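Computed from a prediction, not measured in an experiment: that's the story for all the values here. When a ligand or atom number is given, it counts from 1 through the structure's own listing order.
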Amino acid sequence: MTETVLVVPGDGIGQEVVPATVEVLEAVADFEFVEAEAGDHVKEETGEALPEETRRLATEADATLFGAAGETAADVILPLRQAVESFANIRPARAYPGVDALRPETDLVFVRENTEGVYKGIESEIDEGVTTLTRVITEDASRRIADYGFEYAAENGYDDVTVAHKANVMRVTDGQFLDAVEAVAEERSADYEEALMDALAMHLLLTPEDYGVVICPNLAGDMLSDLAAGLVGGLGLLPSANVGEDNALFEPVHGSAPDIAGQGVANPAATILSGAMLLEHLDYDEEAADVRSAVESVLADGPRTPDLGGSASTEDVTAAIVDRL
Ligand code: ATP
């Protein structure tokens, strides 16, 4: 069976790093690539950042590779994540030999609940100068993310599982989150530690080597994974996956980087590593490992893009990765 991969480069450097990733995927697998449009440039032309056709194609594809959207990011990526019904946002943050990292011993994977929490969008102004936000935590979604996190840790060889929370303050919502995690851990006979999310931010910074998989409610996962990005040398290296039951979307953590767009110097590593996650998701485990080791070898020996202190172009780096494959 030939899997269909929807390719949505989007805006800015998405137009550079996504074609680079398709080149890499073409070197290791025989997917059918379907390209679709989204982002600022589409809104300018049609008045709509995410055409219905793109959304539909995402629901039908086996997986989607997305680049970035600029001003219209929320109008594009949130509905696309919904289109693939993703409930888990997976954000690995790993330091690589040869890349200047604040904490070279970092090897973390954030498993972030992707559907609820404070991002449910229930906000209101109840009086002049008085606003509220409703935080939604359900037992089902909490159990589902916990199950995914424990499974991910077991499958990928991580011994340490930590659950981030703030149940000492958000007693009802994070209390329920913790209860759900505990129930799932018991069913799976899995070990884990609980950590208050504020203290965890400090510990991740000081001793990231003590942690492996970190299961988080939505906002905590968003913030802690960005903190971890700082530990490993910046945004150009961080991939991510939005995973649903039958579908998934893969994207770099970085945005459209308008400051360097069009110059051909964007680091393609984050998107190519997202491509490796896509390969794994579609059960191309060997090919995923090959892509990862090709990226690692190029990060170690060069060529490198300017964000990593080099002077190579996106094309040079991509060609070096394909060469190693
Ligand atoms: P957006 O509004 O689309 O999120 P942004 O510029 O606010 O764009 P990012 O796109 O994430 O946010 O970029 C933040 C900084 O990191 C910029 O200086 C950008 O040049 C740099 N950067 C991000 N991704 C890369 C990359 N792949 N290669 C090199 N530099 C990058």
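For atom 7 (O) of ligand 1, the nearest protein heavy atom lies 4.0 Å away or farther. Protein non-hydrogen atoms do reach within 4.0 Å of atom 17 (C) of ligand 1.
The closest approach between a heavy atom of Asp259 and any atom of ligand 1 is below 4.0 Å. Contact annotation: Pro268 has no heavy atom less than 4.0 Å from any atom of ligand 1. Contact annotation: Pro258 has at least one heavy atom less than 4.0 Å from an atom of ligand 1.
Using a cutoff of 4.0 Å between basic side-chain nitrogens and carboxylate oxygens, Arg55 and Glu60 are not scored as salt-bridged. Ion pairing between Glu296 and Arg94 holds under the 4.0 Å rule for side-chain N and carboxylate O. Under the 4.0 Å criterion applied to side-chain N and carboxylate O atoms, Glu251 and Arg91 are not assigned as salt-bridge partners. For the pair Asp100 and Arg304, the salt-bridge criterion is not met [side-chain N within less than 4.0 Å of a carboxylate O]. With respect to Arg188 and Glu151, a salt bridge is recorded, a charged nitrogen being found less than 4.0 Å from a carboxylate O.
Here the heavy atom of the protein found nearest to atom 27 (N) of ligand 1 is Asn267 O, 3.0 Å. Nearest to atom 15 (C) of ligand 1 among the protein's heavy atoms is Leu235 CD1, 4.5 Å. Among all protein heavy atoms, the one lying closest to atom 1 (P) of ligand 1 is Ser256 N, 3.8 Å. Considering only non-hydrogen protein atoms, atom 10 (O) of ligand 1 sits nearest to Ala257 N, 2.7 Å.
Near Gly255, meaning under 4.0 Å from any of its heavy atoms, are these atoms of ligand 1: 3 (O), 4 (O), 9 (P), 10 (O), 11 (O). Taking every non-hydrogen atom of Ala69 and a distance limit under 4.0 Å, the qualifying atoms of ligand 1 come out as 3 (O). Taking every heavy atom of His254 and a limit of under 4.0 angstrom, the matching atoms of ligand 1 come to 11 (O), 23 (C), 24 (N), 27 (N).
Remark: the backbone N or O of Thr138 is paired with a side-chain donor or acceptor of Glu116 at under 3.5 angstrom.
Both Val5 and Val22 are part of a single hydrophobic cluster, where members link through side-chain heavy atoms under 4.5 Å apart.
Using a 4.5 Å heavy-atom threshold, the side chains of Leu219 and Tyr119 count as touching.
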**Q.** Residues Tyr284, Phe31; criterion ring pair (Phe, Tyr, Trp, His ring centres under 6.0 Å); working and verdict
**A.** CA-CA 11 Å; Tyr284 288 73; Phe31 297 137; 5.1 Å; yes

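Taking NE2 of His165 as the reference point, atom CG of Asp198 lies at 9.5 Å (rounded to 0.5 Å).
Residue contacts with ligand 1 for Pro252 are absent, since no atom lies close enough (heavy atoms, distance under 4.0 Å). By the criterion of a heavy-atom distance under 4.0 Å, the side chain of Ile260, and not its backbone, is placed next to ligand 1. The part of Ile13 lying near ligand 1 is the side chain, judged by heavy-atom distances below 4.0 Å.
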